[in-house]
Number of protein chains: 2
Amino acid sequence: MPAKRHAKRRSECPLNASVEMLGDRWSLLIIRDMMLRGFRTYKEFLECYEGIATNILADRLRKLVAYGIVTTELDPSDGRKVIYLLTEKGIDLAPVLTEMVLWAAAHEDTGNQALVRQMQKDKTQFLAGVRKRWAKQVVPPERKRSGSETA
Amino acid sequence: MPAKRHAKRRSECPLNASVEMLGDRWSLLIIRDMMLRGFRTYKEFLECYEGIATNILADRLRKLVAYGIVTTELDPSDGRKVIYLLTEKGIDLAPVLTEMVLWAAAHEDTGNQALVRQMQKDKTQFLAGVRKRWAKQVVPPERKRSGSETA
DNA sequence: CAAGTTACTTGTAAAATGCAAGTTAAGTTA
DNA sequence: TAACTTAACTTGCATTTTACAAGTAACTTG
């Protein structure tokens with residue numbers, strides 16, 4: 001169900017719509033951290049490998065919520081915490097992330113080969129896994145479990 | 001064949017690599033114009049719907065060439081013209097573009113439904129088409145043919 | 001209740017972007 | 001062949017975005 005058109009887009013092109021929402025240096029990394037690493041709080045995002053600045057993080061989260069890609073709820077057991085979750089629309093970005101990972105892995109010298117191999121082996125199954133882990137009443141998978149990182 | 005790692009990336013993550021190369025408001029639109037609309041000269045890119053500024057266009061083309069996504073050659077029949085072409089690496093972005101288009105089409109109110117339906121109907125065939133049209137000694141398809149735009 | 005945590009905001013410097021106006025080399029026209 | 005046009009940029013400057021450092025308010029913990 002398409003959302004109503006954002007105020008003033010530069011064009012009607014669907015690719016442009018995606019680029020206007022996601023075309024910056026941080027948004028997709030935040031989504032990656034939610035989708036693949038199970039991050040859900042501000043503090044966790046702040047500690048991402050790439051080192052996002054706190055004001056930029058706040059701004060990006062605000063925009064992702066405004067776009068309907070992310071929702072928030074309050075942590076019932078800790079009044080300080082805000083929990084950030086992917087919406088359906090956000091989960092539907094999994095194929096985009098996957099193709100971007102596979103493209104970079106094919107053409108650049110990058111790390112996290114475990115994830116890449118998993119995606120290469122069976123893309124469909126990988127996407128099903130993401131979808132399943134994010135099915136309503138999410139319990140983000142394998143957080144804090146020691147061993148190889150997921151992203 | 002992976003390229004050697006770019007000077008200083010923020011992290012080893014393949015998604016981050018993609019974002020560092022393509023995560024801005026213009027790069028993917030330029031690639032779209034090459035891939036889907038058959039654009040190949042500076043002037044054509046300048047006239048894109050979204051209205052890129054000339055200095056930004058020059059900068060993005062320079063970067064895309066540096067990343068190995070685009071190459072240039074001189075037009076043998078007009079010494080003023082520079083011809084920009086997608087490399088294999090650039091053509092391999094087709095699945096990324098496709099997923100971004102399908103995502104936006106599914107969740108936003110966008111135009112160019114012809115392209116979207118074509119992608120939805122048979123993604124594999126669509127990608128094969130792009131690949132075929134860009135096979136060595138490219139003659140970009142259907143440029144200047146009247147009727148519905150391709151992108 | 002004092003000391004931490006969490007999720008931010010504010011201020012400011014640095015970098016990226018956008019806009020208008022050149023510039024240069026090559027091609028076209030009268 | 002001189003004047004004009006075109007293609008691909010560059011330059012200068014104002015505006016916007018990003019980055020970095022330092023707060024702050026609400027809440028929890030010991």
Side-chain angles (χ1 to χ4, degrees), chain A residues 6-11 16 19-30 33-34 38-67 70-85 140 143-144, chain B residues 6-11 16 19-30 33-34 38-67 70-85 140 143-144:
Chain A
H6 193 67
K8 41 189 172 220
R9 287 235 175 87
R10 295 178 298 182
S11 81
N16 178 64
V19 163
E20 291 199 6
M21 290 186 274
L22 306 167
D24 70 87
R25 296 177 93 66
W26 294 109
S27 300
L28 285 169
L29 297 184
I30 294 171
D33 282 349
M34 298 182 78
F39 287 9
R40 20 164 72 197
T41 63
Y42 192 89
K43 184 173 185 277
E44 288 175 305
F45 298 128
L46 252 194
E47 287 162 356
C48 81
Y49 291 146
E50 291 87 3
I52 188 169
T54 174
N55 55 339
I56 304 296
L57 175 58
D59 179 73
R60 286 314 111 91
L61 286 170
R62 214 176 292 124
K63 281 177 178 162
L64 289 173
V65 169
Y67 293 142
V70 165
T71 19
T72 55
E73 47 183 64
L74 296 177
D75 187 331
S77 69
D78 188 338
R80 294 168 302 179
K81 287 189 181 170
V82 176
I83 304 211
Y84 291 92
L85 296 169
R143 290 166 75 208
K144 289 284 139 81
Chain B
H6 194 67
K8 40 190 171 220
R9 286 233 177 87
R10 296 178 299 182
S11 81
N16 178 64
V19 162
E20 292 199 6
M21 289 185 274
L22 306 168
D24 71 88
R25 296 174 94 63
W26 294 108
S27 299
L28 285 170
L29 297 184
I30 294 170
D33 282 348
M34 298 183 78
F39 286 9
R40 20 163 74 198
T41 63
Y42 192 88
K43 185 173 185 278
E44 287 175 307
F45 298 129
L46 251 195
E47 287 162 357
C48 81
Y49 292 146
E50 292 86 4
I52 189 170
T54 174
N55 55 339
I56 305 296
L57 175 58
D59 179 73
R60 285 316 113 87
L61 286 171
R62 214 176 290 126
K63 281 177 179 163
L64 289 173
V65 168
Y67 293 143
V70 165
T71 20
T72 55
E73 48 183 63
L74 297 177
D75 186 331
S77 70
D78 186 340
R80 293 169 302 180
K81 286 190 182 169
V82 176
I83 303 210
Y84 290 92
L85 296 168
R143 292 166 76 208
K144 290 284 140 84

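Given the structure is predicted, the values throughout are model-derived calculations rather than measurements. Each chain gets a letter, A, B and so on, in the order the sequences are listed, and its residues count up from 1. Reckoned from all heavy atoms, side chains included, excluding hydrogens, waters and symmetry mates.
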How would you list, by chain and number, every residue that makes a side-chain contact (heavy atoms from CB on, under 4.5 Å) with B/Arg80, sequence neighbours excluded? B/Asp78
Not counting sequence neighbours, which residues clear side-chain contact (heavy atoms from CB on, under 4.5 Å) with B/Leu74? List them please. B/Val82
What is the distance, to the nearest angstrom, from the CH2 atom on B/Trp26 to the C1' atom on D/dT17? 16 Å
What is the separation between atom CG on B/Asp75 and atom P on D/dA7, rounded to the nearest whole Å? 11 Å
Output all residues satisfying salt bridge (charged side-chain N to carboxylate O under 4.0 Å, His left out) with A/Arg60, sequence neighbours left out; order by chain, then residue number. A/Asp24
Polar atom pairs (N or O), protein with nucleotides 10-15 of chain D, under 3.5 Å:
| residue | atom | partner | partner atom | Å |
| --- | --- | --- | --- | --- |
| D/dT10 | OP2 | B/Arg62 | NH2 | 2.6 |

Taking atom CD1 of B/Ile30 and atom OH of B/Tyr84, what is their separation to the nearest 0.5 Å? 9.5 Å
For A/Glu47, the side-chain contact (heavy atoms from CB on, under 4.5 Å) test, sequence neighbours excluded, returns A/Lys43
Using the test salt bridge (charged side-chain N to carboxylate O under 4.0 Å, His left out), find all partners of A/Glu73 that sit at least two apart in sequence or belong to another chain. none
5'-most to 3'-most nt of DNA chain C touching chain B (<4.0 Å, heavy-atom partner on protein side) reads C/dT17 to C/dG27
Hunt down the Watson-Crick or G-U wobble partner of D/dG30, both distances under 3.5 Å, from any strand shown, or write none. C/dC1
Rounded off to whole Å, could you give me the CD-to-C1' distance for the B/Glu44 and D/dT6 pair? 14 Å
Applying side-chain contact (heavy atoms from CB on, under 4.5 Å) to B/Ala53 and not counting sequence neighbours gives B/Asn55, B/Ile56
Ignoring backbone atoms, establish whether B/Lys43 has a side-chain N or O less than 4.0 Å from OP1 or OP2 of D/dA7. yes
Reading DNA chain D from 5' onward, which residue's closest nucleotide shows up sooner: B/Leu46 or A/Gly51? B/Leu46
List the protein contact pattern of nucleotides 24-30 of chain D with one symbol per nucleotide (5' to 3'): B for base contact, S for sugar-phosphate-only contact, - for none; contact means a heavy-atom distance under 4.0 Å. --BBS--
Taking side-chain hydrogen bond (donor to acceptor under 3.5 Å, both in side chains) as the definition, give me every residue that meets it alongside B/Thr54, ordered by chain and number, with sequence neighbours left out. B/Tyr42
Within the structure shown, what part of the strands sits under 4.0 Å from A/Phe45 by heavy-atom distance: base, sugar-phosphate, or nothing? nothing
